[in-house]
Amino acid sequence: MNKTFLPFIMGQLRPVAISLLTALMLIGGSSFAWAQKTLPYSYGFEDNNLATDGWTQIDKISSSQIVASGSYGVPAAIVTDDYCFRFSSGYNKTEYIVSPLLSSPATGIKVSFYYINTSSYSTEQFQIGYSTATGEGEPKVSSFIWLEGVITPAASMSEKALYTTTINNSNIKYVVIKHISANSHNVFIDDITFESASPYKSPKKFVLFSFTATSATFTWEKGNNEEEFQMQYIKEEDADSTTIEIGNVLTKTLNELSTDKEYKAKLRSNYGGGHYSEWTEEITFTPANEIVHTLFDGAATSYNLPISSANVDNSTDITQTQFIIPKDSLSYMKNQQITTLKFYASRSSVTWGSATWEVYLKETDNTTYNTSTKTFDSWGTCVYNNAGLSTDSKGEMTIVLNTPFNYTGKNLMVGFKQKTKGTKPSSTYWYSINTSAATNRGIYHYGAYNGVISYLPKVTITSVPITNDPVQIGINGFTTYVSPRALDLTTANLPDGLTAYKAESVDGTTIHFTEVNSTVAANTGLLLAGTANTTYNIPVVGSGSDISGSNLFLVNSTGGTFSAESGYTYYGLKKPATSSDPLVFATFNPSTVAIPSNKAYLMVSNTEARQLTCVFDDEATGISATLMNSEERIVNSIYNLAGQRVAQPTKGLYIKNGRKVIVK
């Protein structure tokens with residue numbers, strides 16, 4: 001329905017805005033529909049009849065209603081004017097309140113309202129959604145599309161909280177609030193406002209990349225047309241915030257921060273001409289040498305983290321377990337090194353006897369695991385291999401990792417393998433909550449509990465900033481590498497024996513590589529040369545130079561397969577079978593072969609060569625050395641500047657493992 005209509009007034013035709021008196025149009029004689037609401041549109045629940053303004057309740061009960069300030073425990077100061085809306089499901093029933101039909105702008109809708117929970121319970125929740133469907137009658141629950149995130153209002157709040165979000169859809173017809181009842185107590189909302197979303201988009205994926213005791217590094221992604229960015233941060237005891245202008249970069253390090261003081265930071269885009277986006281959500285952080293982050297609420301009766309266990313050998317009572325911690329619960333751990341895991345049992349004094357265990361960590365895109373008895377996913381990196389897992393009198397089990405784990409931001413799989421049953425197999429329990437039975441079970445599931453899903457109430461993870469990126473060189477002295485962190489490849493700080501290269505150009509069937517002696521930004525494709533089967537620790541920095549304009553290496557950020565573009569040939573580093581295999585970039589089909597996200601590849605147009613010859617160029621001297629694609633090349637062989645292998649080099653400049661060396 002149009003937002004205006006054109007009546008004849010005094011013989012003239014003129015548009016008149018819709019009002020409560022003029023907006024209704026007769027449909028079928030006795031029924032009517034209210035006009036579509038144009039934005040901005042606000043509603044304060046001052047009319048006791050929701051339908052008067054076109055609002056709808058779905059699955060309501062009698063106690064869901066508009067209430068006056070002061071009633072049902074609502075503090076008068078919470079409610080603007082006289083009334084607000086009360087969700088209160090007496091039967092633990094999900095309810096919905098739906099807006100009138102809205103005119104959605106192309107930029108989407110910004111939604112905001114105030115909310116409060118005044119009961120002593122804190123498990124009442126709500127969620128925001130929308131519908132793009134129109135038709136006869138009220139919108140159907142089946143048509144609702146839900147935003148990520150469920151809000152749990154704090155209990156006994158002394159002042160209202162403001163909720164705000166943006167729905168990025170140009171075809172929004174209705175906005176809906178869902179009340180998810182748990183304890184049949186009150187959630188109140190007031191002053192709902194719908195506005196056109198700003199066409200100036202905020203930066204995406206604004207995250208705290210890493211921090212130390214005195215600094216914090218942030219990264220983000222840009223959208224379109226931003227000219228620069230602006231950051232604002234404040235320390236907990238300061239009255240005023242600090243605003244800093246940032247150029248057209250995607251990272252910023254704040255230095256000289258106070259250790260163990262809480263800070264808040266946010267970011268927005270500057271589009272020029274005085275046009276700014278909205279601020280991102282605030283990031284709260286405390287500079288420290290290590291982070292101790294507790295996940296979930298810790299309540300022993302809350303089913304927070306499901307685990308799948310199996311007694312894989314009834315004769316020896318050997319058990320193995322897996323569970324996945326969602327990445328949303330690990331935001332503070334991103335780009336940190338995990339050093340300690342602590343799990344909280346729902347009972348105290350858990351004993352393990354002399355059982356020995358292995359603990360594994362693995363990042364994964366999966367959100368669930370295989371719950372079948374005796375069937376588990378691949379295990380990942382072994383971070384603990386020892387006896388003596390036990391809990392203290394409070395039911396806490398602390399695991400100090402033998403091998404710290406670099407976490408980059410995905411879902412985290414945790415796996416336990418019991419190696420030996422020990423002296424007390426019947427006591428080898430790590431208790432958790434079991435929803436299928438009246439008793440508690442944990443890692444050790446036996447008999448009827450074999451393969452049953454249980455739940456952990458709380459997890460605490462300790463991490464420290466990552467200072468080095470460990471990279472292993474292949475058996476022929478080379479590997480491609482992509483780090484999720486910025487790296488320091490300057491000559492002064494690069495480990496001895498390691499050389500980094502970018503792919504400068506492709507000439508026919510030849511790749512020209514140029515040495516990199518600078519910092520490089522995160523997610524930069526590189527070729528690394530060094531001693532075969534050796535792990536090098538490359539220093540990590542807060543930010544680095546963007547060399548993408550002169551580097552042909554590409555990155556497959558998802559780590560999966562993807563569709564090939566026509567007119568291009570794709571090349572990846574061929575995995576050598578022996579130490580004498582040559583350095584070869586061979587063709588592959590990206591729709592069937594997945595390039596891992598930590599490996600680089602090439603996409604070359606107008607060529608059908610099955611493999612490419614590698615040439616290393618020295619920009620300063622013009623020297624180049626061809627690493628021959630032949631079985632004669634072996635690791636640690638030495639070549640002269642003409643690319644010829646030399647058995648007994650004399651004084652001069654040579655090439656060894658792709659790196660220039662001087663023989664004196």
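- Between the side chains of Thr381 and Lys362, not a single donor N or O lies within less than 3.5 Å of an accepting N or O.
- Using modelled atom types, one finds no donor on one side chain facing an acceptor on the other under 3.5 Å when comparing Thr340 with Thr462.
- For Gln337 and Asn406, the side-chain atoms include at least one donor-acceptor pair closer than 3.5 Å.
- Counting only N and O atoms by type, the side chains of Thr408 and Glu363 include a donor and acceptor under 3.5 Å apart.
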Quick one, Asp469 with Ser483, criterion side-chain hydrogen bond (donor to acceptor under 3.5 Å, both in side chains). Give me CA distance, side-chain angles, the key distance, then yes/no. CA-CA 8 Å; Asp469 236 9; Ser483 173; 2.4 Å; yes
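- When ring centroids are compared, Tyr601 and Tyr481 stay outside the 6.0 Å threshold.
- Going from atom CG of Leu602 over to atom CG of Leu573 covers 9.5 Å, rounded to the nearest 0.5 Å.
- For the atom pair Lys574 NZ and Phe478 CZ, the distance stands at 15.5 Å (nearest 0.5 Å).
- Between the side chains of Thr364 and Asn411, no donor-acceptor pair is found at a separation under 3.5 Å.
- Annotation for Lys599: atom NZ counts as buried by contact number, over 12 foreign heavy atoms lying within 6.0 Å.
- In this structure, Leu489 and Leu526 have side chains that are in contact, with non-hydrogen atoms separated by less than 4.5 Å.
- When each of Trp220, Tyr276, Phe218 is tested with Phe229 by the rule ring-ring contact (aromatic ring centres under 6.0 Å, His included), just one qualifies, namely Trp220.
- The number of heavy atoms from other shown groups lying within 6.0 Å of CD (Glu228) is above 12.
- Taking CG of Asn551 as the reference point, atom CD of Glu504 lies at 8.0 Å (rounded to 0.5 Å).
- Of the possible polar contacts, one joining the Asn556 side chain to the Ile595 backbone as a donor-acceptor pair under 3.5 Å is found.
- Leu267 is listed as a side-chain neighbour of Ile246, based on a closest heavy-atom distance under 4.5 Å.
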